[in-house]
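Input: a single structure, listed below in structure tokens.
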Amino acid sequence: MKKLFLFIAILFAVSNLTAQIYDPVSFTTSVKEIGENKYTLSIIAKIDKSWHIYSQNVPSGGPAPTNFTFPKSKNYKTIGSVAEPEGHEVDDPVFNMRIKYFADKAVFTQTIERKTADAFTINASVFFMVCNDNSCLPPGEKEVKFTFKKSDTPVKNEDAASAATEEKNTDLPVKDESTTKQDTTNNTTNSVNIAGKDTPEILNNSAKKASSGKTAPEESLWTLFFFSFLGGLAALFTPCVFPMIPMTVSFFTKQSKNKAAGIRNAMMYGIFIIVIYVILGSLVTAIFGADALNALATNVVFNVFFFLLLLVFALSFLGAFEIVLPSSWLTKIDQKSEIGGALGIFFMALALAVVSFSCTGPIVGTLLVQAASQAGIAPIVGMLGFSLAIALPFALFAAFPGWMNSLPKSGGWLNSVKVVLGFLELALAFKFLSNADLVLQLHLLEREVFLAIWIAIFSVLALYLFGKIQLSHDSPVTHISVGRLSLGIIVLTFVVYMIPGLWGAPLQYISGFPPAKQYSESPNGFGNSVGQNTEKTALPEGAESGPNGITTFHNYDEGLAYAKKVNKPVMIDFTGYACVNCRKMEERVWPDPKVLAVLNNDVVLISLYVDDKRPLPENEQVVSKITGKVLKYTGQKWSELQILKYKTNAQPYYVLMDHNEKDLNKPSAYNPDSNAYYNWLQEGVRNFKK
């Protein structure tokens, strides 16, 4: 039973995949001497696959251009402007203009003349915006350094004198002409009208989608692969797959002419297993499409569908019925497997996938559900990780057949694996139902109800592991193994941990899974148990008590007007009801005393829910600049604002701005480091007071 320990984190960890801050562009530098104290400075941009950055020269109304800033110095002077590579030019249908961009790798060069023989460093900067076919990240700035060692070649006196004169005449760094483009772009970006009118054109085709309530998905692909691999390991220890390992490996080793042939056939068998499942992931991607997949997380219909799907999977694992494919399929596939050669091995691998479907189907379905809420190739990555775990044992045991003697014998413990997995599927199903309830704000599955359901599910699981409950298809439990007992204690501890949550405990270890504390029957806990003051000052008009008792506005104009009245900066919180990382920030970072003090006293919080389904008044129902459709819901309005003004659709996303709606510092995304988040808040507040 010790294998069961793996399963506690598998399903829940997969559902918690969300992108932290993704950085698809990296810069390196090089210096080349071209004679007479002249040098070529190269800035090499390495751009991740499917991403691109734009040219320095973009027509007005287009995306943010790439800009370079070289500070004025006595040590050197620039010659000409930054040269860029040929790149790619396309007729963008959104901007109705021709735009140049760079993908994979781009080398920019700047010629300089050295003014001193002493060692020095140039700290230049690059301002750029990066997009892919699904989303755009906010414009960012990175520093690039060029180091010059002391030169043995003396610099001409007139050059040194000229440098001294230049130093005397200027005390501040001077930006090149590209800085003007950057400032113009920023001013244009800040001119977004909240109602959706008079807004600048959207970045590119990639923004043509609804905001999903999740962070950019690409950065979590490796995490998805890892947990999909764990899901494959879980599938190995099910009654449908585990007994097939020694049987199949023995077949290859005995039927092959020599050991090398047996290993080759077993490896081919494993490769075909991977191919079959990757094809499945590719079909999911092709059917839904990259853009549609990224919008599923807050879609009510899909969340309810996922709830029902996982409920069926859970009941199947618990023994209510078996999910089986038509027997005629297996018969035809089994006949094909007798062909021989590579084609026969392929059909043997396909037969394994069909035979084991009653056990692997629920796991594969769960992984695809999670991958579907991400964008692009996530389903393919998920199936690659899952199938790799399934395929590895067949190749390894064929190469080292002696290892099979160490495998535990099949028995009742395999069925116990299915049952435990069924309980986990059941618990995860209610997370999707909770998402739908949150988005619609029905208050049918509030925090207390959700926790009560989870407490009940895991309590029954604990009783099952302790042998107090048996299902009809279980083998009699004559004794409890150490592994089963240990897992039972872990589950029971988890149950005890959740119980105080009914009275308002934060439950930070599972934050993001249950609804937020304010989405409950008693937001302040039963009997004011969360420590809120019973005597609260009256809330401003249009505000309400938000997370951790923070005064929060949900209307942009009302919040901005109040900020002007009390002379405080505005903090915009782009969030979502079904956003897991948003709840993590609110339940782990915001309660930090120093962070909470700033949010309560130094800023005016405006929380804009991009998945808010409340209908917009008719006078605010305008045509979207992104989709071309009429904005009907409040959340669509805030999503439009975030994408147009900040060129991102990821939540959470925090912006500190002044009363003129200009940013006080760089916006912040998900950041679980409370100290870094506090410093970010303090920076914005200081800039507001200047």
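Computed over heavy atoms, backbone and side chain alike; hydrogens, waters and symmetry mates excluded.
- Taking the side chain as every heavy atom from C-beta outward, Gln621 and Val630 approach each other to under 4.5 Å.
- Every side chain to side chain contact (heavy atoms under 4.5 Å, CB included) that Thr634 has, sequence neighbours left out, goes to Asp612, Arg614, Leu616, Trp638.
- Using a 4.5 Å cut-off on side-chain heavy atoms (C-beta onward), Arg447 and Leu507 make contact.
- A donor-acceptor contact closer than 3.5 angstrom links the side chains of Glu640 and Ser624.
- Heavy-atom minimum distance, Ala676 versus Asn671: CB-ND2, 3.5 Å.
- For Phe305, the CZ atom is loosely surrounded, since the number of other residues' heavy atoms within 6.0 Å does not exceed 12.
- Going from atom CZ of Phe574 over to atom CD of Gln651 covers 8.5 Å, rounded to the nearest 0.5 Å.
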**Message:** The test is side-chain contact (heavy atoms from CB on, under 4.5 Å); show your working for Phe432 and Val304 and say whether it passes.
**Reply:** CA-CA 7 Å; Phe432 288 98; Val304 173; over 6 Å; no
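- In this structure, the ring of Tyr654 has its center less than 6.0 angstrom from the ring center of Tyr677.
- No donor-acceptor pair under 3.5 Å is formed between the side chain of Ser639 and the backbone N or O of Gly635.
- For the pair Asp573 and Leu608, the minimum side-chain heavy-atom distance is 4.5 Å or more.
- Nearest approach of His443 to Asp437, heavy atoms of both residues: N-OD1, 3.3 Å.
- Counting heavy atoms from C-beta on, the side chains of Phe423 and Phe458 never come closer than 4.5 Å.
- In this structure Tyr633 satisfies the side-chain hydrogen bond (donor to acceptor under 3.5 Å, both in side chains) test with no other residue, sequence neighbours excluded.
- Residues that satisfy the side-chain hydrogen bond (donor to acceptor under 3.5 Å, both in side chains) test with Asp592, not counting sequence neighbours, are Lys594, Ser674.
- Checked against side-chain hydrogen bond (donor to acceptor under 3.5 Å, both in side chains), Gln636 has no partners two or more places apart in sequence or in another chain.
- Taking the side chain as every heavy atom from C-beta outward, Glu587 and Pro506 never approach each other to under 4.5 Å.
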**Asked** What's the verdict on side-chain contact (heavy atoms from CB on, under 4.5 Å) for Phe430 and Ile457, showing C-alpha distance, side-chain angles and the deciding distance?
**Response** CA-CA 11 Å; Phe430 281 95; Ile457 291 173; 4.2 Å; yes
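- Remark: the backbone N or O of Leu433 is not paired with any side-chain donor or acceptor of Asn303 at under 3.5 angstrom.
- Scanning both residues, Phe450 and Phe513, for their nearest heavy atoms gives CZ-O, 3.7 Å.
- A donor-acceptor contact shorter than 3.5 Å links the side chain of Ser387 to the backbone of Met383.
- A donor-acceptor pair under 3.5 Å is formed between the side chain of Thr493 and the backbone N or O of Ile489.
- Residues satisfying the side-chain hydrogen bond (donor to acceptor under 3.5 Å, both in side chains) test with Thr552, not counting sequence neighbours, are none.
- Taking the six-membered ring for Trp, Phe229 and Phe386 have ring centres at least 6.0 Å apart.
- Nearest approach of Glu425 to Ala314, heavy atoms of both residues: CB-CB, 3.8 Å.
- Side-chain contact, Glu661 with Tyr556: a donor N or O sits under 3.5 Å from an acceptor N or O.
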**Request:** Would you please test Phe494 and Trp454 for side-chain contact (heavy atoms from CB on, under 4.5 Å) and show each step?
**Result:** CA-CA 10 Å; Phe494 181 56; Trp454 268 32; 4.2 Å; yes
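- For the atom pair Ser520 OG and Glu448 CD, the distance stands at 4.5 Å (nearest 0.5 Å).
- Gln441 places a side-chain N or O within 3.5 Å of a backbone atom of Leu438 that can act as its donor or acceptor partner.
- Shortest non-hydrogen contact noted between Thr575 and Ser607 is CG2-CB, 4.4 Å.
- Remark: side-chain polar atoms of Arg588 are not paired, donor with acceptor, to backbone N or O of Asp673 under 3.5 angstrom.
- Looking at heavy atoms from C-beta onward, Leu492 lies in side-chain contact with Phe466 at the 4.5 angstrom threshold.
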**Request:** Go through the steps for His554 and Glu544 under the test side-chain contact (heavy atoms from CB on, under 4.5 Å), then give the verdict.
**Result:** CA-CA 8 Å; His554 296 299; Glu544 63 180 56; 3.1 Å; yes
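- Electrostatic pairing of Lys637 and Glu620 counts as a salt bridge here, judged by a charged N lying under 4.0 Å from a carboxylate O.
- When the ring-ring contact (aromatic ring centres under 6.0 Å, His included) test is applied to Phe553, the partners found at least two apart in sequence or on another chain are Tyr562.
- You'll find the side chain of Leu426 stays beyond 4.5 Å of the side chain of Leu428, heavy atoms only.
- Asn555 contributes a side-chain N or O that, together with a main-chain N or O of Glu558, makes up a donor-acceptor pair within less than 3.5 Å.
- Side-chain atoms of Val419 and Leu318, non-hydrogen and from C-beta on, do get closer than 4.5 Å to each other.
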